[in-house]
Amino acid sequence: MTEVKRENFGELPLGGGTVEKFLLRSNAVKMEVLSFGCIITALESKDRDGKFSDIVLGFDHLEGYTSKHPYFGAVVGRVANRIAKGKFVVDGQEYLLAINNGPNSLHGGTKGFDQVLWTPEVLPDGVCFFRTSPDAEEGYPGELKVWVTYTLKDAELTINYRARSNKTTPVNLTNHAYFNLAGQGSPNIYGHIFTIEADSYLPVDETQIPTGEVASVQDTAFDLRKPVELGKHLQRFQLTGFDHNFCLTQTKEPNFCARVYHPPSGRKMEVFTTQPGIQFYTGNFLDGTLKGKGGHVYPKHSGFCFETQNWPDAVNQPNFPNSLLHPGEEYNTTSCFRFSVS
Ligand SMILES: *[C@@H]1O[C@H](CO)[C@@H](O)[C@H](O)[C@H]1NC(C)=O
Ligand SMILES: *[C@@H]1O[C@H](CO)[C@@H](O)[C@H](O)[C@H]1NC(C)=O
Ligand SMILES: CC(=O)N[C@H]1CO[C@H](CO)[C@@H](O)[C@@H]1O
């Protein structure tokens, strides 16, 4: 049984509306999500002694989330990740997006799905957020109706994304939660042990756009098919961190793709998805300047993201999986996060 409660979290500036917080609680997990950006503001799981800790990075107050921040806990869209030069062509027409990341468009533009109020509906085991993204919002074609549903059952969080458009548009939605299984505010994730079940990954250029090559992980730093301890692995390969898409097999039902284990607490998280990719990001751009929950700061490598998604820049790369949603079709993807201890 999951208990769902709601309360007011704050007021958006300039009469922008009231943000509500939804508290979901099962026997194993307690979490909080906002109607603003569908943001996961807290997620508590048990360690091997049964003690709960909050394992996601974030802020105590709404101002943190309305100010510039690295998408802590938010749903990003219409298209998560980068689109090269903020440009793409659909049905012979060129579309120009807001450029907000060097020469590229990142995470849906200047006011993406993470910066808007959604309409909530409480469900027996969770909450569904709905919004209509107007035609031409951030440059994207078509009016898009979007539903994001969080369901908590025992120790498993399921996130389902659905969308429909009245014009052909690229869509791919993901959640950008930053985890630290030692508890948010712990200084780094070097002792975490990562496994990603991917035979290939996408090399990127200096602006982080995939070169188009689908490269084998064999004999590279990207071979995470066997568990690696992050700190030692980065040292061994002289890497400053990961911010890469790993290629998965797309499936109808969510399929296992990644695991992370934190030996001192015993906390383990496993990820399952219907998506063809997972962006593994090790918080390389966190720099300790943001004041987070409980007064904690978040230095480089103090959290990681597992963003299940379509491949970055798919809309411009003919050999990547399709990222276009056509009128009459339904976008429908699911990712699950399973928490346990060992
Ligand atoms: C899509 O819906 C919007 C809002 O109802 C409307 O303004 C627009 O003309 C529609 N576009 C198409 C191609 O049907
Ligand atoms: C979404 O897809 C899943 C299979 O991955 C299916 O079980 C579910 O019924 C679909 N949802 C809708 C609303 O079509
Ligand atoms: C490969 C993948 O998941 N891409 C999806 C992105 O969104 C479009 C629109 O729903 C899907 O058709 C693709 O399958």
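What's counted below: heavy atoms across the whole structure, side chains too, no hydrogens, waters or symmetry copies. Order of listing sets the numbers, starting from 1, for every ligand and every atom in it.
Cation-pi geometry between Arg131 and Phe113 is met: under 6.0 angstrom from the ring centre, within 45 degrees of the axis.
Every side chain to side chain contact (heavy atoms under 4.5 Å, CB included) that Leu117 has, sequence neighbours left out, goes to Leu12, Val19, Ser35, Phe36.
In this structure a side-chain-to-backbone donor-acceptor pair under 3.5 Å is present from Ser26 to Val29.
Taking the six-membered ring where tryptophan is involved, the planes of Phe129 and Tyr150 are perpendicular, since the angle between them exceeds 60° and thus also 30°. Ring geometry, Tyr65 versus Phe9: the interplanar angle falls from 30° to 60°, so the pair is classed tilted.
The atoms of ligand 2 that sit less than 4.0 Å from any heavy atom of Lys252 are 4 (C), 5 (O). The distance from ligand 2 to the heavy atoms of Glu253 drops below 4.0 Å at these ligand atoms: 4 (C). With ligand atoms numbered from 1 in the order given, ligand 2 contributes 1 (C), 2 (O), 3 (C), 8 (C), 10 (C), 11 (N), 12 (C), 14 (O) to contacts under 4.0 Å with heavy atoms of Asn332.
Leu97 and Val76 are not part of a single hydrophobic cluster, where members link through side-chain heavy atoms under 4.5 Å apart. Linking Ile, Leu, Val, Met, Phe, Trp and Tyr residues whenever their side-chain heavy atoms come within less than 4.5 Å places Phe304 and Ile40 in a single cluster.
Remark: aromatic rings of Phe72 and His176 are distant, center separation not under 6.0 Å.
The part of Glu330 lying near ligand 2 is the side chain, judged by heavy-atom distances below 4.0 Å.
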What does the contact table look like for ligand 1 (nitrogen or oxygen on each side, cut-off under 3.5 Å)?
from     : atom 1 : to     : atom 2 : distance (Å)
ligand 1 : 2 (O)  : Asn166 : ND2    : 2.3
ligand 1 : 11 (N) : Asn166 : ND2    : 3.0
ligand 1 : 14 (O) : Asn166 : ND2    : 3.4

